[in-house]
Amino acid sequence: MATSKVLSEAQVAQYREQGFLAPIPALTPAEAAAARDSLERHETALGHPIGPGERSKSHYLFTWVDALMRHERILDAVEDLIGPDILCWGSIFWIKEAGAPSYVGWHQDLQYWGLDTDDLVNVWVALSPAPLEAGCMQVLPGSHHERLDHVETYHEDNLLSRGQELTIDIGEREPATMALAAGEMSMHDGRLAHGSGPNTTDDRRIGIAFQYMPTRARQTLVEWDTASLVRGVDEFGHFDHGRVPEADLHPDAVAFHRRAVTALRELIYAGAERESDPSV
Ligand SMILES: O=C(O)CCC(=O)C(=O)O
């Protein structure tokens, strides 16, 4: 691969061996605060926190989420890991309210997404402080080299769509903690085992995750799926790129987003025991 843009050789080697990097600088504090403000102004207009219908693939709904997804600092780091032709398959807000019991069960992302790539980088950007007490992500270093078994618990506090949980005894491993300040990001391999506990602080824990992958990746579970071309060229055309929203919640944007999340729900629940309240 050509000279790296922002990550050192040691960081790239750590990512390959251990499956994650954190913390990495991404947004300035002002950019993180502006993104949080945009989200919370929308929530004020809604009268409630952003819900399942809008929290996934929201880069098709909001200009400011599209801009975050294409942020140069994030893409430079992603390019160092997977090369210059990059699709973003998804964006998703991960919000834990202050003092809420919500948690994320231990899981490996790529077991559910139907994507045939081994090179998916999941970038989680903190829009509020995310220390351990706020329920930041934890990971099992090196677990991206294994394929681990999951059960579906549908536990009401588990933020995952099927309440997934790994069946291994996490206590026997040594999790690493990816605490982040607002504006920092973590990067983890799509096969790395990760999870997070409840937020015991008195502020919301707000993150937005973006899933980046090389343009050669394919979707195997549904015929039609979306992924935005965020850098380079797409010589493969396996995904509908969608479009940048003309304005926040523009009717065309809302219509395209609805199609995109319908396909997402179909693939997320393919083979599931049942559908819970959708978290997608
Ligand atoms: O926000 C969290 O705690 C978990 C996020 C997650 O599972 C992911 O980004 O894949």
Side-chain angles (χ1 to χ4, degrees), residues 15 19-24 26 32 35-36 39 49-50 52 55-59 65 68-69 74 77-78 88-115 117 119-141 143-144 148 150 152-153 155 157-166 170 175-182 184-201 203-213 264 267-268 276 278-280:
Y15 181 86
F20 70 100
L21 290 172
I24 303 285
R36 177 174 183 165
L39 169 72
I50 193 170
R55 76 183 262 259
S56 292
K57 300 235 181 198
S58 35
H59 54 282
V65 178
L68 280 182
M69 172 181 77
I74 298 175
V78 171
C88 183
W89 177 68
S91 59
I92 179 165
F93 281 100
W94 289 104
I95 300 174
K96 291 179 185 161
E97 300 299 336
S102 317
Y103 68 96
V104 174
W106 286 90
H107 66 288
Q108 291 175 310
D109 298 324
L110 275 176
Q111 294 212 28
Y112 303 93
W113 293 346
L115 300 168
T117 179
D119 293 323
L120 184 136
V121 182
N122 200 340
V123 170
W124 197 102
V125 185
L127 302 184
S128 69
L132 185 58
E133 313 81 69
C136 69
M137 257 193 292
Q138 294 190 290
V139 297
L140 298 183
S143 55
H144 56 311
L148 299 166
H150 292 75
E152 299 179 6
T153 69
H155 191 291
D157 292 327
N158 189 336
L159 295 177
L160 298 178
S161 45
R162 307 183 191 183
Q164 297 95 312
E165 285 283 356
L166 291 179
I170 302 296
T177 297
M178 302 202 295
L180 300 175
E184 290 179 333
M185 66 178 169
S186 58
M187 310 180 81
H188 70 265
D189 183 289
R191 297 201 186 280
L192 191 75
H194 58 287
S196 63
N199 177 6
T200 60
T201 72
D203 189 14
R204 312 175 81 193
R205 191 217 67 167
I206 307 173
I208 182 163
F210 297 105
Q211 294 90 41
Y212 299 99
M213 59 190 187
L264 181 61
L267 70 91
I268 288 282
S276 63
S279 50
V280 296

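Index from 1, following the sequence. Whatever order the structure lists them in is the order used to number ligands and atoms, beginning at 1.
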Legend entry - From CG (Leu192) to CG (Leu120), nearest 0.5 Å: 12.0 Å
Inset, instruction - Any chance you could measure Gln211, atom CD, to Met69, atom CE, to the nearest 0.5 Å? - result: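 These two atoms lie 11.5 Å from each other.
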Just distance, no hydrogens or angles: give the donor-acceptor pairs under 3.5 Å from side chains in residues 99-107, sequence neighbours left out.
unit_1	atom_1	unit_2	atom_2	d
His107	ND1	Gly105	O	2.8
His107	ND1	His194	O	3.3
His107	NE2	Asp109	OD1	3.0
His107	NE2	His194	NE2	3.0

Legend entry - Closest non-hydrogen atom pair between Gly197 and Lys96, with its separation: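 Distance-wise, the nearest heavy atoms are O-NZ, 2.6 Å.
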Inset, instruction - Measure the shortest side-chain to side-chain distance between Ile208 and Leu39 over non-hydrogen atoms and say whether it is less than 4.5 angstrom. - result: no
Inset, instruction - Anything with a heavy atom under 4.0 Å from ligand 1 counts, so go ahead and list those protein residues by chain and number. - result: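 Those residues closer than 4.0 Å to ligand 1 by some heavy atom are Trp94, Lys96, Val104, His107, Asp109, Asn122, Trp124, Met137, His188, His194, Ser196, Arg205, Ala209.
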Inset, instruction - Step by step, work out the side chain to side chain contact (heavy atoms under 4.5 Å, CB included) result for Trp89 and Asn122. - result: CA-CA 10 Å; Trp89 177 68; Asn122 200 340; over 6 Å; no
